[in-house]
Trainee: 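Questions regarding the structure given below will be posed in turn.
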Amino acid sequence: MGIPRGTYDILPNEVTTWHYLEKTAREICARYAYEEVRTPIFEETSLYERGVGETTDIVEKEMYTFLDRKKRSLTLRPEGTAGVVRSFVENKMYGESLPVKLYYFGPMFRYERPQAGRYRQFHQFGVEVFGSDDPALDAEVISLGLAFYRSLGISGVQVGINNVGTPEIRAKYFEKLIEYFAPFEAELDQDAKSRLYRNPMRILDSKVKRTQEIAEGAPSILDSLDKASMENFERVQSYLQELQVPFQVNDRLVRGLDYYTQTAFEFMIEELGAQAGVIGGGGRYNGLVQELGGPEVSGIGFGIGLERVILALKEQNVAIPSTKPMDCFLVTMGEQAQHASVRLLGELRGAGLKAERDYLDRKMKAQFKAANRYKARYVAVLGDEELASGKIQVKQMETGEQKSIAMDQLVSYLLEGK
RNA sequence: GCGGUCGUGGUGAAGCGGUUAACACACCGGAUUGUGGCUCCGGCACUCGAGGGUUCGAAUCCCUUCGAUCGCCCCA
């Protein structure tokens, strides 16, 4: 027996990092007036087929799909947006005052081969905004993402933005691309060939040298945009400038999900390499709410891969705030003292102090060692003498200073020392 | 789904055909039977991911399998 492939345990010493990420995300979202939403970890399979797109890699080969006991097809969520949109529609949030600004945090599942910064169960922090086309929101969402990285202490995050137009524009652009690539068909690599008629935009970011050379001359989607899209794109850029968000226009930026319209963006960090370097991405999805049965309400959001954020934190040696030190370790000598320690320990904890004792009947020396391991600020020694006198020995570990204190004064003494 | 590398104690690792499986750290115990962080001493792998084979003999060679890791596709 072992842990399933592509999954991993987050052990206590790592959990502090996760708390740090969550806390930071929550604080920033609160500042930007986003509220948390928690949706199920699995949904009906059809939600993703319709929402994410039938021809995407995610739906074609990466979903964890299973039948329940009533033979309903369910799928462990491969991404966050579809579920949040479903919830938005189902709970008729479009009836509330718009825009509705939401964020989420949690595990996602994709059946892929594990690799650096890629797991089968991984975690995302994401936001979604519904009900406004205002390009200022596009800029807000991007700057919120960037604020998250910065607030964590990650530097060098690059923002790439593009405008992928409307589905109609993309259809026309596809024709142009096919027209351009067709004469080179024989020179393209296998992957590019298979994409030529299905999704030629994907050829643009190929890593195969010859394909890349050919792709360099391909027409840009920006030249195919209609006036409204172009204006929208320009306004997003000017708002980003207002917010002092550095960005690069990348007309080759393609996202993996079908639902994106207009603005598409990515957060990247160079040190982590080509794959893990994309630490977040998102865009606008103006047709999705309708596609999933809601009214014509537009949306925009991003998903940030937290495993990759953690890679970046480690790469850049960002210090994680450590856990609370132990206020007091109770050393006990003898059975009487062990009994008495139960109550004393309860009192310490009841007073809000972090306190611990030995449970393995260890020798005093070993108990002191344990206290050190816990980084205890004080050690209180309780033995027969103390029980008889009602006074307990309290040692401040850093200075080695030791005092005798009335047992009922211990709590207030420790609270003073904080 | 495809390709490379790897798999020895709690951890980091040596050993690469010859039989008690180095060493370091961690942990436990003792020196110091009521006091930590230093020092010294002792303990801690019937076993080298699993299964099969070659051999007088395998952790060391071969095959299979599982897993990890890195890369490709794709993505966070």
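So that the names make sense, note that chain A is the first sequence line, chain B the second, and so on, each numbered from 1. Since the model is a prediction, treat every value here as computed from it, not as a measurement.
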Trainee: If you find the nucleotide of RNA chain B closest to Gln396(A) and the one closest to Gly281(A), which residue's nucleotide is nearer the 5' end?
Mentor: Gln396(A)
Trainee: Side chain of Gln402(A), heavy atoms from C-beta onward: which of G34(B), U35(B), C75(B) has the nearest atom to it?
Mentor: U35(B)
Trainee: Grab the CE-P distance between Met364(A) and G36(B) for me, whole Å please.
Mentor: 9 Å
Trainee: Between the side chains of Thr75(A) and Thr65(A), is a donor N or O closer than 3.5 angstrom to an acceptor N or O?
Mentor: yes
Trainee: With heavy atoms under 4.0 Å as the rule, sort Gln367(A) into base, sugar-phosphate or nothing.
Mentor: nothing
Trainee: So, Lys172(A) and Ser224(A): side-chain donor and acceptor under 3.5 Å apart, yes or no?
Mentor: no
Trainee: Taking pairing as Watson-Crick or G-U wobble with both contacts under 3.5 Å, can you name the mate of G42(B), or confirm there isn't one?
Mentor: C28(B)
Trainee: Quickly work out the Tyr48(A) OH to C75(B) C1' distance and round it to whole Å.
Mentor: 16 Å
Trainee: Considering only side-chain heavy atoms of Asn372(A), which listed nucleotide, G37(B), G34(B), A76(B), is closest?
Mentor: G37(B)
Trainee: Using side-chain heavy atoms (C-beta onward) and a distance below 4.5 Å, is Glu43(A) in contact with Leu74(A)?
Mentor: no
Trainee: Parallel, tilted or perpendicular: which one describes the rings of Phe130(A) and Phe88(A), with boundaries at 30° and 60°?
Mentor: parallel
Trainee: Quick one: label Glu79(A) by what it contacts on the DNA or RNA (base, sugar-phosphate, nothing), any heavy atom closer than 4.0 Å.
Mentor: nothing
Trainee: Give the rounded distance in Å between these two atoms: CD1 of Ile392(A) and P of U35(B).
Mentor: 16 Å
Trainee: Once hydrogens and angles are ignored, does a donor-acceptor distance under 3.5 Å link the base of G34(B) to the side chain of Glu386(A)?
Mentor: yes
Trainee: When you compare G57(B) with G18(B), how far apart are their C1' atoms, in angstrom units rounded to a whole number?
Mentor: 6 Å
Trainee: For U8(B) versus G49(B), give the span between their P atoms, rounded off to a whole number of Å.
Mentor: 6 Å
Trainee: Output yes when Arg170(A) and Glu168(A) qualify as a salt bridge under the 4.0 Å nitrogen-oxygen rule, no when they do not.
Mentor: no
Trainee: What distance, rounded to whole Å, do you find between the two P atoms, one in A14(B) and one in C6(B)?
Mentor: 13 Å
Trainee: Please determine, for G3(B), whether a Watson-Crick or G-U wobble partner exists with both distances under 3.5 Å, and give it or none.
Mentor: C70(B)
Trainee: Among Asn163(A), Asp133(A), Thr166(A), exactly one meets side-chain hydrogen bond (donor to acceptor under 3.5 Å, both in side chains) together with Gln262(A). Which residue is that?
Mentor: Asn163(A)
Trainee: Say we look at G7(B) and A59(B): how far apart would their C1' atoms be, to the nearest angstrom?
Mentor: 12 Å
Trainee: Relative to the 5' end of RNA chain B, which residue comes earlier, Tyr119(A) or Gly400(A), by the nucleotide with the nearest heavy atom?
Mentor: Gly400(A)
Trainee: Distance check needed: C66(B) P versus Ile3(A) CD1, whole Å only.
Mentor: 18 Å
Trainee: Considering only A76(B), G36(B), G71(B), which nucleotide approaches the side chain of Met397(A) most closely?
Mentor: G36(B)
Trainee: Expressed in whole Å, how much space separates the C1' atoms belonging to G67(B) and A50(B)?
Mentor: 10 Å
Trainee: Nearest-Å distance, CZ (Arg120(A)) to P (U69(B))?
Mentor: 11 Å
Trainee: Could you tell me the Watson-Crick or G-U partner of G15(B), where both distances fall under 3.5 Å? Say none if there is no partner.
Mentor: U8(B)
Trainee: Which of the following nucleotides, A31(B), C72(B), U69(B), is nearest to the side chain of Lys365(A)?
Mentor: A31(B)
Trainee: Report yes or no: is there a donor-acceptor pair, N or O only, under 3.5 Å between the side chain of Glu266(A) and the base of A76(B)?
Mentor: no
Trainee: Do we get Arg26(A) above Phe105(A)'s six-membered ring, with its NZ or CZ under 6.0 Å from the centre and within 45° of the axis?
Mentor: yes
Trainee: Give a yes/no verdict on a cation-pi contact between Arg120(A) and Phe109(A), requiring under 6.0 Å between NZ or CZ and the six-membered ring centre and an angle within 45° of the axis.
Mentor: no
Trainee: Provide the Watson-Crick or G-U wobble partner of U65(B), both distances under 3.5 Å; none if there is no partner.
Mentor: G49(B)
Trainee: Do the rings of Tyr8(A) and Tyr119(A) sit parallel, tilted or perpendicular, given the 30° and 60° boundaries?
Mentor: tilted
Trainee: State plainly whether the residues Arg31(A) and Glu27(A) are in salt-bridge range, i.e. N to O under 4.0 Å.
Mentor: no
Trainee: Side chain of Met333(A) only, please: which of G71(B), G34(B), G36(B) is the nearest?
Mentor: G34(B)
Trainee: Across the strands shown, which category fits Gly126(A) at heavy-atom distances under 4.0 angstrom: base, sugar-phosphate, nothing?
Mentor: nothing
Trainee: Rounded to the nearest angstrom, tell me the gap between atom CD1 in Ile310(A) and atom C1' in A76(B).
Mentor: 12 Å
Trainee: Where the side chain of Arg113(A) is defined as all heavy atoms beyond and including C-beta, which of A31(B), U35(B), C70(B) is the nearest nucleotide?
Mentor: C70(B)
Trainee: On a plain distance test, is the side chain of Gln115(A) in donor-acceptor contact with the base of U69(B) below 3.5 Å?
Mentor: no
Trainee: Heavy atoms only, 4.0 Å cut-off, all strands: where does Glu307(A) land among base, sugar-phosphate and nothing?
Mentor: nothing
Trainee: Under 3.5 Å between N/O atoms: give me all the protein pairs with nucleotides 25-29 of chain B, atom names plus distance.
Mentor:
| unit_1 | atom_1 | unit_2 | atom_2 | d |
| --- | --- | --- | --- | --- |
| C27(B) | OP1 | Arg373(A) | NE | 3.1 |
| C28(B) | OP1 | Arg362(A) | NH1 | 3.2 |
| C28(B) | OP1 | Arg373(A) | NH2 | 3.4 |
| C28(B) | OP2 | Arg373(A) | NH2 | 3.2 |

Trainee: Would you please confirm or rule out a distance under 4.0 Å between OP1 or OP2 of A68(B) and any side-chain N or O of Arg5(A)?
Mentor: yes
Trainee: How many Å lie between CD on Glu112(A) and P on C70(B), as a whole number?
Mentor: 14 Å
Trainee: Mind checking the P distance from G52(B) to G15(B)? Whole angstroms is fine.
Mentor: 28 Å
Trainee: Whole angstroms only, please: what is the CD-C1' distance between Glu385(A) and U35(B)?
Mentor: 12 Å
Trainee: Who is the Watson-Crick or G-U wobble partner of U60(B), with both distances under 3.5 Å?
Mentor: none
